[in-house]
Each structure stands twice: as structure tokens, then as C-alpha cells.
Amino acid sequence: MAISFMKVIPQRILVDLSARQYGRIHPGVALFIKQEMGCYDRETVIRVMRAALDFDSKRLLGNIMSPTLVLVGEKNRQTHSQAREMVRRIPNAQIVIIPAAHHLLNIDNPEAFNRAVLEFLTSR
């Protein structure tokens, strides 16, 4: 569905929609998205989206033996079940929900993000 949508919408509009969506969450992100996404042509964006949507590594997660930190934004609820599934499948994994954060955790709540990462790293 997302790929079909992207094939008919002009690249400029895709960039503007993404920038507007994330720009509402954090004003500085809109410019960043416009700069980054604006560098790619439609075919590249579609290839990236297809790779992201088609790739399924669930069966490989049990092979991860390193301590693993899974971070998820409190307000990015559509990723919570995926994060819990990752923690269930990865031995020695833990989840931290970053308060007041959406998809861009380190930008939405940098203090909580940094604290979670530092606590994880220093506890090892």
C-alpha cells in the first residue's frame, strides 16, 4: 500500500508530508527531513521503503548473544508490539520506553534517550 502511494505522489509532496508530520513533533526535524529526503529520487525512496517493508529478521533475533537495549518512543505506539517481540526473542534484551517521544527518540527526548543508553552501557 505505501509503495503504491509513493509511486503516484510527486517526490516533493512526499518530502513535504514527511517534514510536516515530524516537524509538528519537533520543529528542527522538518528542515532535516527536507534536506535528507530531498537528496533522493523517487526510485531510491521506493527501494528503501520496499527493503524496509519486505525485510523480516524475526527468525534471526535469537542468534543475538550480546546484551541488547531496545528503545521505543512512548507516543510511537505502533512500534511497541514489535519492540516487545524483539525483547522476547533476543536473549538478554531489555526494553526502555522513552517518555514523550515519537519515532525520533534522540531528538524528541534527548535527555531520556541519553540516560537510557548510558545506564545500559555502564551496567555492562
Side-chain angles (χ1 to χ4, degrees):
M1 173 89 154
I3 301 298
S4 298
F5 175 76
M6 292 176 70
K7 287 181 178 179
V8 298
I9 300 297
Q11 175 71 2
R12 177 186 50 77
I13 293 175
L14 289 173
V15 172
D16 286 345
L17 287 172
S18 296
R20 199 173 314 146
Q21 172 66 28
Y22 286 109
R24 278 184 286 187
I25 298 166
H26 191 283
V29 174
L31 178 61
F32 174 78
I33 287 175
K34 282 186 177 189
Q35 290 170 340
E36 291 299 310
M37 284 184 71
C39 295
Y40 303 111
D41 60 32
R42 175 191 308 285
E43 280 64 40
T44 300
V45 172
I46 290 171
R47 280 197 321 273
V48 169
M49 287 296 293
R50 182 168 283 131
L53 295 172
D54 291 347
F55 184 72
D56 183 2
S57 62
K58 283 185 230 145
R59 63 183 175 75
L60 302 173
L61 294 175
N63 296 333
I64 298 172
M65 294 298 135
S66 300
T68 303
L69 176 62
V70 177
L71 299 172
V72 65
E74 174 186 30
K75 295 183 177 183
N76 194 14
R77 296 201 182 277
Q78 65 270 29
T79 61
H80 287 204
S81 63
Q82 295 164 330
R84 284 191 299 273
E85 178 72 8
M86 289 174 71
V87 170
R88 188 181 73 71
R89 290 177 180 252
I90 300 171
N92 202 21
Q94 68 182 69
I95 188 170
V96 173
I97 297 174
I98 303 297
H102 293 268
H103 189 68
L104 304 171
L105 311 173
N106 59 323
I107 294 172
D108 295 336
N109 191 341
E111 294 82 13
F113 174 87
N114 290 338
R115 186 172 43 255
V117 171
L118 286 173
E119 285 176 8
F120 176 77
L121 292 174
T122 57
S123 70
R124 304 287 157 210

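Model, not experiment: these values are computed from the prediction. For reference, positions follow the sequence shown, starting with 1.
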Set of residues satisfying salt bridge (charged side-chain N to carboxylate O under 4.0 Å, His left out) with respect to D41, sequence neighbours excluded: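 So D41 forms no salt bridge (charged side-chain N to carboxylate O under 4.0 Å, His left out) with any residue.
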Pairing residues for R89 by the salt bridge (charged side-chain N to carboxylate O under 4.0 Å, His left out) criterion, not counting sequence neighbours: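 Per chain and number, R89 pairs via salt bridge (charged side-chain N to carboxylate O under 4.0 Å, His left out) with E85.
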Partners meeting side-chain contact (heavy atoms from CB on, under 4.5 Å) with E119 (sequence neighbours left out):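 side-chain contact (heavy atoms from CB on, under 4.5 Å) list for E119, sorted by chain: R115.
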Over all atoms of both residues, closest heavy-atom pair of A101 and N109: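 Scanning both residues completely, I find the closest heavy atoms to be CB-CB, 4.4 Å.
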Where M65 and P91 come nearest, the two heavy atoms and their spacing: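 Smallest heavy-atom distance, with atoms named: CE-CG, 4.1 Å.
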Side-chain hydrophobic cluster, 4.5 Å single linkage: members besides L121: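 Same cluster as L121: L69, L71, V96, I98, L105, F113, V117, F120.
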Under 4.5 Å side-chain linkage, directly or through intermediates, the cluster mates of L61: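 For the cluster that includes L61, the remaining residues are I64, V70, V72, M86, V87, I90, I95, I97.
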Those residues that, when tested against N63, pass side-chain hydrogen bond (donor to acceptor under 3.5 Å, both in side chains) (two or more places apart):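 If we apply the side-chain hydrogen bond (donor to acceptor under 3.5 Å, both in side chains) test to N63, skipping adjacent residues, there are no hits.
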Pair N76-E74, side-chain donor/acceptor within less than 3.5 Å: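 No.
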Spacing of NE2 belonging to H102 relative to CD1 belonging to I107, to within rounding of 0.5 Å: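 The distance works out to 12.5 Å.
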